[in-house]
Amino acid sequence: MSKKIATLITNLFEDVEYTEPAQAFKEAGHEVIKIDKQSGNQVTGKKGTTVKIDKSIDEVHPADFDALLIPGGFSPDLLREDDRFGEFAKAFIQDEKPVFAICHGPQVLIDTDLLKGVDITGYKSIRNDLKNAGANYKDEEVVISKNIVTSRELKDIPAFNRESLKLLANFQ
C-alpha cells in the first residue's frame, strides 16, 4: 500500500541523503512530498542537487502524511531555527508514525522534546546534543527505536533505506 512521506528539507541538505531514500521510497510506490518554508522554491544541496519544494510548512498537517523523512547536511540545523518544523516532527513521534532521520537529520527531532530514553544514532558531531536531549546514542549504521529509524552517514544509506522500507511496509 502506497504511503505519503513528508520530507523536511531546505538548502545545504546532503544530496544523497535525500536523493537515495527518496528514490527508494518512490521505487517502492510511495509518494515523497518536499516541505520547506515556502512552496515552489528551489533548494540546493551541498553538492549542487536542486529540488523544488512541493508545500510550505503552513500548507501541511502531519495528519495528511504516513511518515516523515529528514535528510542530513546543514539543512536540519537551518530548519530548526523555525519552531514549526520541530512541532511538525513532534506530531509524527506522538502519533507513532514512521520517522526516518539520517546524519544531522536527528537535530530536528531534538526540538520535539520526545527523545528521552529513545535509542538513536546520527552523525558523530551531534551525539552529545542527542545525549543531552535524553536519547541513548548508539554508534551503529542503523538504529530502530519503535517508529524511529536513524543512521549516521552516507555509507549507512543502504541499511537506512532497507530498515525504513521495512518499517513502512509494516505500518498500517
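Predicted, not measured: the structure shown is a model, and the values here were computed from it.
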Under the criterion side-chain contact (heavy atoms from CB on, under 4.5 Å), I'd like the reasoning laid out for Lys3 against Phe171: C-alpha separation, chi angles, the key distance, then a yes or no. CA-CA 9 Å; Lys3 304 287 192 283; Phe171 177 71; 3.9 Å; yes
If we ignore hydrogens and angles and just use 3.5 Å, is the side chain of [X] paired with the main-chain N or O of [Y] as donor and acceptor?
X: Tyr123; Y: Gly72; value: no
X: Asp54; Y: Lys34; value: yes
X: Arg80; Y: Gln107; value: yes
X: Thr121; Y: Lys138; value: yes
X: Asn132; Y: Asn128; value: yes
X: Glu59; Y: Ser56; value: yes
X: Lys97; Y: Phe65; value: yes

Taking atom types as modelled, find out whether Thr49 and Asp15 have a side-chain donor-acceptor pair closer than 3.5 angstrom. yes
Quiz question: by atom type and distance under 3.5 Å, do the side chains of Ser75 and His104 form a donor-acceptor pair? no
Distance, nearest 0.5 Å, that separates [atom1] of [X] from [atom2] of [Y]:
X: Gln23; Y: Ile157; atom1: CD; atom2: CD1; value: 11.0 Å
X: Ser164; Y: Ile148; atom1: OG; atom2: CD1; value: 12.0 Å
X: Asp77; Y: Leu12; atom1: CG; atom2: CG; value: 10.5 Å
X: Asn161; Y: Asp156; atom1: CG; atom2: CG; value: 11.0 Å
X: Asp111; Y: Glu87; atom1: CG; atom2: CD; value: 9.0 Å

Starting from the C-alpha separation in whole Å, work towards a yes-or-no answer on side-chain contact (heavy atoms from CB on, under 4.5 Å) for Val142 and Thr150. CA-CA 6 Å; Val142 65; Thr150 53; over 6 Å; no
Over all heavy atoms of both residues, which pair between [X] and [Y] is shortest? Give the atoms and the distance, please.
X: Asn147; Y: Leu167; result: O-CD2, 3.6 Å
X: Asp66; Y: Pro98; result: O-CD, 3.2 Å
X: Pro76; Y: Pro71; result: CG-O, 3.2 Å
X: Ser151; Y: Phe160; result: OG-CB, 3.3 Å
X: Ala28; Y: Leu165; result: CB-CD2, 3.8 Å
X: Phe92; Y: Pro62; result: CE1-CB, 3.7 Å

Applying side-chain contact (heavy atoms from CB on, under 4.5 Å), run through Ile53 and Gln38 and close with a yes or a no. CA-CA 7 Å; Ile53 299 302; Gln38 189 166 345; over 6 Å; no
Would you call [X] and [Y] a side-chain contact if the rule is heavy atoms closer than 4.5 Å?
X: Ile9; Y: Ile35; result: no
X: Lys52; Y: Asn41; result: no
X: Phe88; Y: Leu68; result: yes

Is it true that [X] and [Y] make a salt bridge, defined as a side-chain N closer than 4.0 Å to a carboxylate O?
X: Glu141; Y: Lys155; value: no
X: Asp113; Y: Lys90; value: no
X: Asp58; Y: Arg84; value: yes
X: Glu31; Y: Lys4; value: no

Are Tyr137 and Ile110 connected, step by step, through hydrophobic side chains (Ile, Leu, Val, Met, Phe, Trp, Tyr) whose heavy atoms are closer than 4.5 Å? yes
More than 12 heavy atoms of other residues, nucleotides or ligands under 6.0 Å from CD of Glu96: is that the case? no
Could you tell me whether Phe100 and Phe25 have their ring centroids closer than 6.0 angstrom? yes
Please determine which of Val118, Leu115, Leu109, Asn136 meets the side-chain contact (heavy atoms from CB on, under 4.5 Å) test together with Leu130. Leu115
